[in-house]
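Structure record follows, encoded as structure tokens.
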Amino acid sequence: MAAYVDNMQISWRGKLWCHLVADSLDELHEFAAMLNLPRSWFHRGASYPHYDVTTEIRIRAIEQGANEVNSRYVLGVAKALKVQRIATMKKPQNNVQALLF
């Protein structure tokens, strides 16, 4: 499982926040679950799918094997996740359409 965290340190609600992504959506959710992150922290409606994590959680993620990367790398991985998410969303519809025709 490959997960990645950046070091953006965006200030929000009195904490510093970073981004967590992974090579696949399944891996991302599994890694987030391992960190006990609420599923509500997953930003599915954002430009790119990711979890926001505090700098404290970032440290735990790294201890659990997440790779420290820069924001550009996270963005590249997140773009690939968006493509996967769109493909996953379209797949069931295509299967239903195939059954109807």
For this session: For the pair W12 (side chain) and W17 (backbone), establish whether a donor and an acceptor sit closer than 3.5 Å, ignoring hydrogens and angles.
Result: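 Absent.
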For this session: Examine distances only and state if a side-chain atom of Q84 and a backbone atom of D23 form a donor-acceptor pair shorter than 3.5 Å.
Result: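 Yes; at least one donor-acceptor contact below 3.5 Å.
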Exercise. What are the two closest non-hydrogen atoms of P49 and A78, and how far apart are they?
Worked result: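 Closest approach of P49 to A78, heavy atoms only: CD-O, 3.7 Å.
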Problem set entry | Smallest separation among heavy atoms of D6 and R58, with atom names |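 Between these two residues, the closest heavy atoms are O-NE, 2.6 Å.
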Between atom [atom1] of [X] and atom [atom2] of [Y], what is the distance when rounded to the nearest 0.5 Å?
X: R60; Y: T54; atom1: CZ; atom2: OG1; value: 7.5 Å
X: E27; Y: L81; atom1: CD; atom2: CG; value: 9.0 Å
X: N7; Y: S71; atom1: CG; atom2: OG; value: 8.0 Å
X: H19; Y: I10; atom1: NE2; atom2: CD1; value: 4.0 Å
X: E68; Y: C18; atom1: CD; atom2: SG; value: 10.0 Å

For this session: Could you check if a side-chain atom of L35 sits within less than 4.5 angstrom of a side-chain atom of W41, using non-hydrogen atoms only?
Result: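 No. Closest side-chain heavy atoms not under 4.5 Å.
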Exercise. Heavy-atom distance under 4.5 Å between the side chains of L28 and F42, does that happen here?
Worked result: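 Touching, per the 4.5 Å side-chain cut-off.
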Hydrophobic clusters here meaning ILVMFWY residues chained together by side-chain heavy-atom distances under 4.5 Å, can you tell me if [X] and [Y] are in one?
X: M8; Y: L75; result: no
X: V69; Y: L16; result: no
X: V74; Y: I59; result: no
X: V21; Y: I62; result: yes

Exercise. Centroid-to-centroid, H29 to Y51, below 6.0 Å?
Worked result: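 Between Y51 and H29, which both carry aromatic rings, the centre distance is below 6.0 Å.
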Exercise. Out of V5, L20, L37, which one pairs with F31 under the side-chain contact (heavy atoms from CB on, under 4.5 Å) rule?
Worked result: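 Single side-chain contact (heavy atoms from CB on, under 4.5 Å) partner of F31 among V5, L20, L37: L20.
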